[in-house]
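Inspection log for the structure reproduced underneath, given as structure tokens.
Quick note on labels: first sequence line is chain A, next is B, and so on, each numbered from 1.
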Amino acid sequence: MPELPEVETVRRGLERLLLGQTIVRVEIREPRLRRPLAPDFAGLLTGRTIEQIKRRGKYLHFGLDNQQVWLVHLGMTGQLIVDEPAAALLPHDHILVFLQNARRLRYHDPRRFGLMLIGEEQDLSACTGLGVEPLSRDFNVRYLWAKTQATQRTIKDLLMNQRVVAGIGNIYANEILFRARVRPTWMSATLSLDAVTRIVKATKVVLREAIRYRGSSISDYRDGEGNPGSFQDRFYVYNREGQCCRRCHTPIRRETCGGRSAYFCPTCQC
DNA sequence: CGCACCCCCTGCCGGC
DNA sequence: TGCCGGCAGGGGGTGC
């Protein structure tokens, strides 16, 4: 579910709701996420104040007042929602964080592919090993060109490799490649410099536009206040197999690429 | 090192 | 109507 635009939308909402809040109690209802929560997870958070909320790729970083970082990855179905402690709990509400202002941060994740870690920032970033931020100047034509030349894999696989560029998943890889007019299944090393230039530009345009529309909600993505995004209404290719290309009316095709669905227009991306 | 394949887990949808 | 297989926005491990 959540890729960079969704995580950034969640971050912005939580920043407004959680900054400066002290955690008074943590209730763990299900510790078995992608990796089990640390045994002392609740103890490490209780009493801490949230001083800043950052994003790196698809990870949220909650900066705590003891210089440690609480890192959250939402996996496919994770949601962080601020609500009232009186609100009824749902199945798959795994972690409850009670705040000084009498509100509650609720972690909901049916598939439990999410991840939470607490520790020193440098240890955690070594552990995640993320590549450059796609919206930073570090993600440029020279950088991506070198990466395309150095590997024998498709361009879509390269864009989705978090060690190369952090935050792009299946939705945005497909949308970026449509706008760059590059077919997802092409081998990255065969691309022209012009095509790589278009991909870098399209990456920044698509991700910024998706953030502006508060991300994409296919089924269960919600931001920190429980609201869906609307970028799914602006997809050109993702989830549109058989529907007409918005640019040329050719039916959109789907092929499996690296085990995941690749969507493209056979006319625009040729 | 890359990569094909499998796993993790639940929910939903379409076909039979 | 109900069951079953396939698929889903995430990542990681293994064996070749």
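Rounded to a whole Å, the CD atom of A/E30 is 10 Å from the P atom of B/dC9. Summarising the geometry, the separation between CG on A/N239 and P on C/dC7 is reported as 13 Å, rounded to the nearest angstrom. B/dT10 atom C1' lies 11 Å from atom CE of A/M76, rounded to whole Å. Going from atom CD of A/Q79 over to atom P of B/dC9 covers 20 Å, rounded to whole Å. Per the geometry, CG belonging to A/N174 stands 9 Å off P belonging to C/dG9, to the nearest Å. For the pair A/D93 CG and B/dT10 P, the interatomic distance rounds to 15 Å; values are reported in whole Å. Following rounding to the nearest Å, A/N161 (CG) and B/dA4 (P) show an atom-to-atom distance of 14 Å. Spacing between atom CD1 of A/I171 and atom P of C/dG10 amounts to 7 Å, rounded to whole angstrom units.
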(message) A/R214 vs A/E6, test: salt bridge (charged side-chain N to carboxylate O under 4.0 Å, His left out). Steps then yes/no.
(response) CA-CA 7 Å; A/R214 308 176 61 80; A/E6 292 76 32; over 6 Å; no
(request) Quick one: do A/S216 and A/Y172 satisfy side chain to side chain donor-acceptor pair (under 3.5 Å)? Show the steps, please. (result) CA-CA 10 Å; A/S216 308; A/Y172 295 104; 2.6 Å; yes
(request) Sugar-phosphate means primed atoms, P, OP1 and OP2; the rest is base. With that split, encode nucleotides 11-16 of chain C 5' to 3' as B, S or - using protein heavy atoms under 4.0 Å. (result) SS----
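Secondary-structure annotation of DNA chain B gives the stems B:2-8 with C:10-16, B:10-16 with C:2-8, with a stem taken as at least 3 successive Watson-Crick or G-U pairs whose two distances both fall under 3.5 Å.
Linking Ile, Leu, Val, Met, Phe, Trp and Tyr residues whenever their side-chain heavy atoms come within less than 4.5 Å places A/L17 and A/L60 in a single cluster. If you chain together hydrophobic residues whose side chains sit under 4.5 Å apart, A/V72 and A/L124 never meet in one group.
Across all strands shown, A/R32 has no heavy atoms under 4.0 Å from either base or sugar-phosphate atoms.
Every residue meeting the side-chain contact (heavy atoms from CB on, under 4.5 Å) condition with A/Q52, not counting sequence neighbours, appears here in chain and number order: A/K54.
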Tabulate atom names and distances for all N/O pairs under 3.5 angstrom spanning the protein and nucleotides 11-16 of chain B.
| residue | atom | partner | partner atom | Å |
| --- | --- | --- | --- | --- |
| B/dG11 | OP1 | A/H92 | NE2 | 2.8 |

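A cation-pi arrangement is not found for A/R253 relative to A/F264, the charged atom failing to lie both closer than 6.0 Å to the ring centre and inside a 45° cone about the ring normal.
Here A/Y172 does not reach the OP1 or OP2 of C/dG9: none of its side-chain N or O atoms lies under 4.0 Å away. The phosphate of C/dG9 has neither OP1 nor OP2 within less than 4.0 Å of any side-chain N or O from A/T77. OP1 or OP2 of B/dC8 has not a single side-chain nitrogen or oxygen of A/R111 nearer than 4.0 Å.
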Anything under 3.5 Å between a donor and an acceptor, one on a side chain of residues 19-27 of chain A, the other on a protein residue two or more places apart or in another chain? List them.
| residue | atom | partner | partner atom | Å |
| --- | --- | --- | --- | --- |
| A/Q21 | OE1 | A/N101 | N | 3.0 |
| A/T22 | OG1 | A/T49 | OG1 | 2.7 |
| A/T22 | OG1 | A/Q100 | OE1 | 3.4 |

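The P atoms of C/dT1 and B/dT10 are separated by 27 Å, rounded to the nearest whole Å. Separating the P atom of C/dG5 from that of B/dC6 is a span of 16 Å, rounded to the nearest Å. C/dG2 and B/dC9 are spaced 23 Å apart, taking the C1' atom of each and rounding to whole Å.
Of the candidates A/E133, A/H61, A/E121, A/R56 forms a side-chain hydrogen bond (donor to acceptor under 3.5 Å, both in side chains) with just one, namely A/E133.
By the 30° and 60° cut-offs, the orientation of the rings of A/Y107 relative to A/H94 is tilted. Relative orientation of the A/Y263 and A/Y238 rings is perpendicular, given thresholds of 30° and 60° on the angle between their planes.
At a threshold of 4.0 Å, the pair A/K58-A/E3 does not count as salt-bridged, since none of the basic side-chain nitrogens sits closer than that to a carboxylate oxygen.
Residues near A/I81 contribute nothing to a hydrophobic cluster around it, because no ILVMFWY side-chain heavy atom sits closer than 4.5 Å to its side chain.
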